[in-house]
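In this text the structure is predicted, and so the values were computed from the model without any measurement.
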Amino acid sequence: MSDTRLSVLKTYKLYVGGKFPRSESGRVYEVTTKTSAAGAAGKGKWLANAPLSSRKDARDAVVAARKAFGGWSGATAYNRGQVLYRVAEMLEGRRDQFTREVADAEGLSKSKAAAVVDATIDRWVWYAGWTDKIAQVVGGGNPVAGPFFNLSSPEPTGVVAIVAPQESSFLGLVSVLAPVIATGNTAIVVASENCPLPALSLAEVLATSDVPGGVVNVLSGRTAEIATPLAAHQDVNAIDLAGADEVLAKELEIAAADNLKRVLRPQPVDYAETPGTDRLTAFLETKTVWHPTGSLGASGSSY
């Protein structure tokens, strides 16, 4: 029996509605390693052929995200936290795989890539802990002039399109994705154009981590080609432009204005730093409820 064997090459696919389709267009594009640790673009070693998503794939992802929104937003915050924590557990078990993929994607040494993966796992745990706490931070009772209870509580915006960071293909991706779904939104992620493999592998983890199908949808390909129809889509409620350059961000913001989407413009971010609550609150709406307290007597309120 021969000591040599053929390598089993991995076939990367999109993640839409809990399934792993190839692009409906049948197109793929080559993904190669980075040629320097600085992240400069260059023709490195071939890694895989990634799906080249089309506008139809983007529309299919919106349909899947909208279908999943009711169940995910209606789940208890505690349950969402358990699901996010399960993602971290599964990532921990596949740490070596993601270390290799991040090292190739971002031109990092094995030790630096391992540190990025560890930070990414910790980031999932961090956001998992916020799911049942953010309402206490941004909601509460409001003082009003009259015999009323006035209570404000946050609610998810809806379907959120995310243009993932281009260079930070894993930690940056999770840093923008986790807060969106932690607060009950559903997401369509446009993966880093040059470094899509960590995002496509993350989809495999999500599929086995109790995350309902359609809550997260991952598309790879040309950023502008996928993000443009998402920005203009009437059933997308918000868009995060984290990975868009200045020119593309302006175009997407103009397209998003047609149905008054909430837009989070790109800004300098050090994803290695512990995040605040800004991204948790970026895609929340506030619902305020008034309720009469009943008659107020000398001895106090009666209900």
Side-chain angles (χ1 to χ4, degrees), residues 12-16 31 34 39 47-48 50-51 53 58 61 65 84 87-88 90-92 94-95 97-108 112-128 160-183 185-207 209 211 215-223 226-227 230 238-245 248-249 264 266-275 278-280 282-283:
Y12 289 89
K13 297 182 181 179
L14 307 178
Y15 184 54
V16 178
V31 179
K34 290 290 185 182
L47 294 174
S53 301
L84 264 67
V87 175
M90 298 296 287
L91 283 174
E92 188 75 34
R94 296 175 66 168
R95 183 176 177 274
Q97 173 199 343
F98 280 98
T99 296
R100 291 193 302 271
E101 290 188 343
V102 170
D104 288 338
E106 300 180 20
L108 301 176
K112 289 183 178 180
V116 169
V117 173
D118 289 344
T120 304
I121 297 170
D122 293 346
R123 189 64 43 88
W124 272 114
V125 175
W126 197 84
Y127 279 115
V160 180
I162 301 172
V163 182
Q166 296 298 321
E167 299 301 327
S168 186
S169 63
F170 195 42
L171 178 57
L173 165 69
V174 168
S175 296
V176 297
L177 170 61
V180 168
I181 64 173
T183 49
N185 298 287
T186 54
I188 302 115
V189 177
V190 182
S192 167
E193 183 171 330
N194 293 323
C195 313
L197 303 188
L200 296 176
S201 290
L202 175 63
E204 298 171 1
V205 172
L206 297 173
S209 301
V211 180
V215 170
V216 179
N217 304 274
V218 182
L219 306 175
S220 61
R222 309 302 178 208
T223 300
I226 310 168
L230 290 174
I239 187 167
D240 185 344
L241 304 179
D245 59 33
L248 179 59
L264 185 60
Q267 49 197 304
V269 179
D270 182 356
Y271 292 111
E273 294 293 325
T274 301
D278 290 352
R279 287 193 176 274
L280 281 165
F283 301 112

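- Here the OG1-CD distance, from T120 to E92, works out to 11.5 Å after rounding to the nearest 0.5 Å.
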Passes side chain to side chain contact (heavy atoms under 4.5 Å, CB included), D240 versus F283? Steps please. CA-CA 9 Å; D240 185 344; F283 301 112; 3.8 Å; yes
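- Here the closest heavy-atom approach between residue I121 and residue A88 is recorded as CG2-O, 3.8 Å.
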Between E106 and E167, does a side chain to side chain contact (heavy atoms under 4.5 Å, CB included) hold up when you go through it step by step? CA-CA 7 Å; E106 300 180 20; E167 299 301 327; over 6 Å; no
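- One finds the CG atom of L230 at 6.5 Å from the CD1 atom of I239 (value rounded to the nearest 0.5 Å).
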Side chains of residues 173-180: which donor-acceptor pairs under 3.5 Å do they make with residues two or more places apart or in other chains?
{"residue": "S175", "atom": "OG", "partner": "R123", "partner atom": "NH1", "Å": "2.7"}
{"residue": "S175", "atom": "OG", "partner": "L171", "partner atom": "O", "Å": "2.7"}

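- When all heavy atoms of R279 and A242 are compared, the closest pair comes out as NH2-CB, 4.2 Å.
- Take Q267 and apply the side-chain contact (heavy atoms from CB on, under 4.5 Å) test, not counting sequence neighbours, and it matches L264, V269.
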Can you list the steps and then say if M90 with L206 is a side chain to side chain contact (heavy atoms under 4.5 Å, CB included)? CA-CA 9 Å; M90 298 296 287; L206 297 173; over 6 Å; no
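- By the salt bridge (Lys or Arg N to Asp or Glu O under 4.0 Å) test, D278 pairs with no residue at all, sequence neighbours left out.
- If you take CH2 on W126 and OG1 on T274, they are separated by 7.5 Å, rounding to the nearest 0.5 Å.
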Tell me, with the steps shown, if V16 and L219 meet side chain to side chain contact (heavy atoms under 4.5 Å, CB included). CA-CA 8 Å; V16 178; L219 306 175; 3.9 Å; yes
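- At least one donor-acceptor pair closer than 3.5 Å links the side chain of Q166 to the backbone N or O of E193.
- Scanning both residues, A191 and A199, for their nearest heavy atoms gives CB-CB, 3.6 Å.
- Minimum heavy-atom separation, S220 to A50: OG-CB, 4.2 Å.
- Side chains of Y127 and V87 form no contact here, defined as non-hydrogen atoms less than 4.5 Å apart.
- To the nearest 0.5 Å, atom CD1 of residue I188 and atom OG of residue S53 are 12.0 Å apart.
- For the atom pair CG (L202) and CZ (R94), the distance works out to 9.0 Å, reported to the nearest 0.5 Å.
- Residues S169 and A105 share a closest heavy-atom pair of OG-CB, 3.8 Å.
- Separation of atoms CG (L241) and OG1 (T223) is listed at 11.5 Å; rounding is to 0.5 Å.
- At least one side-chain heavy atom of L47 sits under 4.5 Å from a side-chain heavy atom of L197.
- The side-chain heavy atoms of P51 and L200, taken from C-beta on, include a pair separated by under 4.5 Å.
- With hydrogens and angles ignored, the 3.5 Å screen pairs no side-chain donor or acceptor of T186 with any backbone N or O of V215.
- The minimum heavy-atom distance between Y15 and A207, with the atom names listed, is OH-CA, 3.4 Å.
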